[in-house]
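Taking it in order: structure first as C-alpha cells, then the write-up.
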Amino acid sequence: MATTLPVSASSVLERMNAMRISAEQSLSQVQAYLASNPQPLARVVAGYRALLADSGRRIVQAQVKVIQARAKNPTDPTLIALERRTVELLTMWTAHAQGYSAYERPATEAEKTGAIQIGVAPVVIIAIVIGAAVIAVSLTGIAWAVVHYKEAQTLSEEIALVERDPSLADAIAKINATAPSSVPPTPPDPPGGGGWLWFLGLLGLAGAAFYVVPKLGKG
C-alpha cells in the first residue's frame with residue numbers, strides 16, 4: 001500500500017500547547033531576571049532564533065534527500081525509517097518555530113530608540129537587533145526561547161545524525177550524477193522591518209516538504 005508521511009497538524013498543535021504551558025510557567029522568573037539583567041536574555045533569544053533558522057533549512061534539505069533516495073529504492077527499510085524520522089524532526093521544528101513566532105513582531109520606531117523596554121506584564125517588550133532588523137519579543141516569547149533553547153540544540157544535533165547517516169550518504173552518492181537538484185534554496189535575509197518574515201519563509205519551505213511528499217511504495 002502506498003503511503004505519504006505528512007506532518008500531523010494536531011501533533012504540532014499538541015506539542016505547541018505543551019511548550020506554551022512550560023514557557024508560561026517560567027514567566028515570573030524570566031520577568032524578574034529581565035528587570036535586572038536583560039542583555040543575557042536578549043542573547044538567548046537571538047541564539048534560539050539562529051538555531052531554528054539553521055535547523056529548519058537543514059531538516060528540509062535532509063528530507064528532500066531522503067525522498068530522492070527512496071524514489072530510487074522505495075522498499076529500503078533504512079530509508080523508510082529515515083523518512084519517518086525526518087517527519088518527526090519536522091514536527092518538532094514546526095512546533096518550535098510556529099509557536100515562538102507568535103510572540104515576535106517588528107519593533108516600532110519608538111521601541112528602536114532603546115535597546116530594551118520593560119513594562120507591566122504581559123506587555124513586556126525586549127527589542128533586539130537582528131542584522132538590519134529590530135524585533136520586539138513579548139515576555140512569553142522570551143520565556144519560550146529560554147525554556148526551549150536546550151531542546152532546540154538537541155533537535156539540531158539529531159538533524160546532524162540524519163545528515164551523516166551512512167545509508168543516506170551512499171544512496172545519494174548513487175543518484176547525484178543523474179538526479180536534478182530539488183533542495184530548496186536558503187531563504188534570503190528579511191528586509192529591514194519584518195524580523196519575523198524568515199520564520200514564515202522557512203515554514204513555507206517546510207510545508208512543501210510536509211505535504212508534497214510523493215507516494216513511495218510500502219512504508
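Predicted model, so just to flag it, every value in this text is computed and none were measured. We use all heavy atoms of the structure for the numbers below, so side chains are in, but hydrogens, waters and symmetry mates are not. We count residues from 1, following the sequence as given.
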Between T154 (side chain only) and K150 (backbone N and O only), is there a donor and an acceptor less than 3.5 Å apart? yes
Under 3.5 Å, is there a donor-acceptor pair between the side chain of W93 and the main chain of L52? yes
Any idea how Y48 and H96 line up, ring-wise: parallel (<30°), tilted (30 to 60°), or perpendicular (>60°)? tilted
Near E14 CD, under 6.0 Å, is it more than 12 heavy atoms from other residues, nucleotides or ligands? no
Quick one: do L27 and V30 satisfy side chain to side chain contact (heavy atoms under 4.5 Å, CB included)? Show the steps, please. CA-CA 5 Å; L27 285 178; V30 170; 5.7 Å; no
Non-hydrogen side-chain atoms of Q63 and V87 separated by less than 4.5 Å: yes
Side chain to side chain, P40 and Y33, heavy atoms closer than 4.5 Å: yes
Find the distance between [atom1] ([X]) and [atom2] ([Y]) and round it off to the nearest 0.5 Å.
X: E24; Y: R20; atom1: CD; atom2: CZ; value: 4.5 Å
X: I59; Y: T91; atom1: CD1; atom2: OG1; value: 10.0 Å
X: W144; Y: S101; atom1: CH2; atom2: OG; value: 9.0 Å
X: L34; Y: L139; atom1: CG; atom2: CG; value: 6.5 Å
X: Q31; Y: S26; atom1: CD; atom2: OG; value: 11.0 Å
X: M19; Y: Q98; atom1: CE; atom2: CD; value: 11.0 Å

Between [X] and [Y], what is the shortest heavy-atom contact and its length?
X: L51; Y: S156; result: CD2-CB, 4.2 Å
X: L79; Y: D76; result: N-OD1, 2.8 Å
X: R58; Y: A160; result: NH2-N, 3.4 Å

Under the side-chain hydrogen bond (donor to acceptor under 3.5 Å, both in side chains) rule, what do S10 and S8 come out as? Steps first, then yes or no, please. CA-CA 5 Å; S10 61; S8 165; 2.8 Å; yes
Mind running side chain to side chain contact (heavy atoms under 4.5 Å, CB included) on R70 and I80 for me, showing each step along the way? CA-CA 7 Å; R70 279 207 66 198; I80 291 171; 3.5 Å; yes
Evaluate the side chain to side chain contact (heavy atoms under 4.5 Å, CB included) criterion for residues Y100 and V45: first the C-alpha distance (whole Å), next the side-chain angles of each, then the deciding distance (0.1 Å), finally the verdict. CA-CA 10 Å; Y100 167 79; V45 173; 3.3 Å; yes
Would you check, one step at a time, whether the test side-chain hydrogen bond (donor to acceptor under 3.5 Å, both in side chains) holds for R15 with T94? CA-CA 10 Å; R15 183 178 291 269; T94 303; over 6 Å; no
Do L155 and V12 sit in one hydrophobic cluster, given that two such residues count as connected whenever their side-chain heavy atoms are within less than 4.5 Å of each other, even indirectly? yes
Hydrophobic cluster membership, V147 vs I142, 4.5 Å side-chain cutoff: no
Is there a side chain to side chain contact (heavy atoms under 4.5 Å, CB included) between R85 and L89 once you walk through the steps? CA-CA 6 Å; R85 185 56 181 152; L89 295 174; 3.6 Å; yes
Taking only Lys NZ, Arg NE, NH1 and NH2, and the carboxylate oxygens of Asp or Glu, determine whether R49 and E104 approach each other closer than 4.0 Å. yes
